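We number each residue from 1, following the sequence as shown. What you are looking at is a predicted structure, and each value in this text was computed from that prediction instead of being measured.
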Amino acid sequence: MKFVSDPPVSIKVSKMKQRVRWQSPEIVERGIDQTRFAFADSEADQPDFSFLVVGDTGSGTHHRHHPQRKIAEMMLSHHDSCRFMLHTGDVVYLVGSSEYYPDNFVKPYREFLVNGDQTDHIPYDQMVFKLPILPVLGNHDYYDLPLIYGILAQVTWPIRRVFRSTLDLDVGWHGSEQGRAYAKAFLDCLQLLNRNELGPHLDRHYRATTDSGRCLLYEPGQFTRLPNRYYTFRNGGIDFFALDSNTFNVPLPIPKTKEGDRTRRHLEKRRDELERERLELLMQEMQLNRDIPEEDEQVDDINAKLEQLEEVKIDIDKQLEADPNPTVDLEQLDWLRQRLIESWNNPEVRGRVIFFHHPPYVTEATKWHQAQTLAIRHRLRQVLDSVAETVGDLAKDRPLVDLILSGHAHCLEYIRTGETGHADSNLNWVVCGGSGFSLRRQREEGPDVTENFLNEQTEEQRVVARSHLFLGRNGHGSKKRRPYSFLRVDVKEGCPPKFVLRPYVAERFQHEWHTREVEPLEI
């Protein structure tokens, strides 16, 4: 039995539609766009503005330190000068459970919440943000936990406490319930309203007017819900597009060829190796004592490694089980294509930002070669190629998208693509996934991302992207450094706009914290 399970794409899509009453008659007759919101803020039209970015945050306190809380404290100095915070997913580890929202989200971000000085009295599904926090779903926000594991986790808890067990993977009785906890925390769950309540609610909160119809009005400090799992908004002349990449990251099927058979055997062998590695780590963990600082951090590393192994196994399982005709969220991808085209035809728009969870380009050691990474790259390219073909000369020499943000890889990385042969060439990509959970290293292969190209019946390897900044775990033993991070983005006036990326780091080194600002990057 799998430790965690990832619901099928069809279930993710259908459940989320039910929760927001997707395209119900009451919504359609009012001309409401369920994929858009507008800020109730007169400053939203100012062209110079800043915003924060975090990702992969949702861990609770460690035995001796709390990385997520440290990052939150650092962000407080930017609270008044930034308009909102984007979250690139994995809001709550390990399985997105409502049980862990209080400790793994509400308390760490208490200063960003209304009545945040009374966190014990803020239900996770009634949060109201003073500074808008705008998330997308990560894979952990969708994960479920088989009932037997939930029972074992609770039954063995007293025994683990008596024997000072060091293993605690942040799991309770259940998982996310197919993304239900995330939906109740952040979305406007219209499903919870009865027929008599629905109409007045829509008239009260969906009264903003835009070029696509009526939409939800986001009111910081009062009503801070999102209309859907993927959505768009405009700020300072910049169109932002938030995606749910969990529904189009399905790996491409393994071909039924000799090469495909070799790939399948390799994956099956790798999966067995991962299980043996997992058992070895559990044995190592049992020998460690959290009362010794050095061993305490070793335990954190082991728990992080166990989570990493589970994630790699899930990726392998998805490859081995890939359907020749996989279910992909084409509705969302077509929405993105159409909205990008509309954005390029709107003279009021001067730039575009996309953010989602799974990175198409990354050099973090555990994610760069995953099948899901390649699937996201493939499907995003298809969308951008179609947009480029349609908008034609409108774009001129400008990139189709000014900035693309993601998480999932536990690091902070800036990558720029070169000539890929597609419309994702020469774009700026930032991975912001090192804001609280375990950090990962850069791959040994280095900063260049390559692909194979057919050239006159021969295959050659070319560099399609290059990493220009990587902040992740580095060093070994007593020299090991853990640079947790967040990003501030300053958007400048003008068309095309300039973006200044300002990384901030809280580094854990030799049991102490060291904070710093990394040299800004202008793109």
Side-chain angles (χ1 to χ4, degrees), residues 16 19-21 32-45 49-55 57-58 72 75-76 78-89 91-92 96 98 101-102 104-119 121-138 141 179-193 197-198 200-210 214-236 240-242 244 355 486:
M16 285 298 184
R19 288 160 186 153
V20 298
R21 295 196 186 209
I32 292 173
D33 180 354
Q34 284 185 275
T35 64
R36 187 164 183 173
F37 77 81
F39 285 114
D41 184 351
S42 60
E43 294 185 356
D45 293 331
F49 69 98
S50 301
F51 62 93
L52 302 173
V53 188
V54 296
T57 60
M75 289 193 296
L76 288 177
H78 303 269
H79 186 287
D80 295 332
S81 58
C82 290
R83 289 192 187 165
F84 50 83
M85 179 200 304
L86 304 184
H87 195 302
T88 61
V91 176
V92 166
S98 59
Y101 265 83
N104 292 13
F105 190 89
V106 176
K107 291 179 181 178
Y109 294 126
R110 52 187 175 267
E111 290 90 355
F112 296 88
L113 298 171
V114 172
N115 297 323
D117 56 344
Q118 305 175 46
T119 53
H121 301 288
I122 301 178
Y124 85 97
D125 57 353
Q126 296 179 30
M127 294 184 294
V128 178
F129 302 117
K130 293 187 289 187
L131 177 74
I133 298 181
L134 310 174
V136 291
L137 284 140
D141 300 314
R180 181 171 178 265
Y182 174 96
K184 291 184 69 176
F186 300 107
L187 303 189
D188 189 20
C189 288
L190 301 176
Q191 184 185 35
L192 302 176
L193 304 174
E197 296 171 326
L198 181 58
H201 178 88
L202 294 174
D203 293 336
R204 166 67 181 87
H205 295 295
Y206 290 73
R207 53 192 172 87
T209 56
T210 68
R214 282 174 56 179
C215 70
L216 183 147
L217 186 67
Y218 191 104
E219 303 175 272
Q222 299 179 53
F223 185 80
T224 55
R225 293 279 156 170
L226 296 170
N228 191 34
R229 64 188 172 93
Y230 59 91
Y231 55 90
T232 183
F233 65 95
R234 185 171 300 158
N235 198 281
F240 289 81
F241 303 90
D244 178 4
F355 65 106
F486 71 93

Contacts of [X] that satisfy ring-ring contact (aromatic ring centres under 6.0 Å, His included) - sequence neighbours left out:
{"X": "Phe241", "value": "none"}
{"X": "Tyr109", "value": "Phe105"}
{"X": "His79", "value": "Phe112"}
{"X": "Phe84", "value": "Phe39, Phe51, Phe233, Phe240"}

Taking only residues two or more places apart in sequence or in another chain, which ones pass side-chain hydrogen bond (donor to acceptor under 3.5 Å, both in side chains) with [X]?
{"X": "Arg21", "value": "none"}
{"X": "Arg19", "value": "none"}
{"X": "Asn228", "value": "none"}
{"X": "His78", "value": "Arg488"}

Tell me, please, which residues at least two apart from [X] pass salt bridge (charged side-chain N to carboxylate O under 4.0 Å, His left out).
{"X": "Arg225", "answer": "none"}
{"X": "Arg207", "answer": "Glu219"}
{"X": "Asp125", "answer": "Lys184"}
{"X": "Asp244", "answer": "Arg229"}

Indicate yes or no: does Asp141 engage Arg180 in a salt bridge with an N to O separation below 4.0 Å. no
Applying side chain to side chain contact (heavy atoms under 4.5 Å, CB included) between Phe37 and each of Thr224, Leu226, Leu217, Asp188, report the one that passes. Leu226
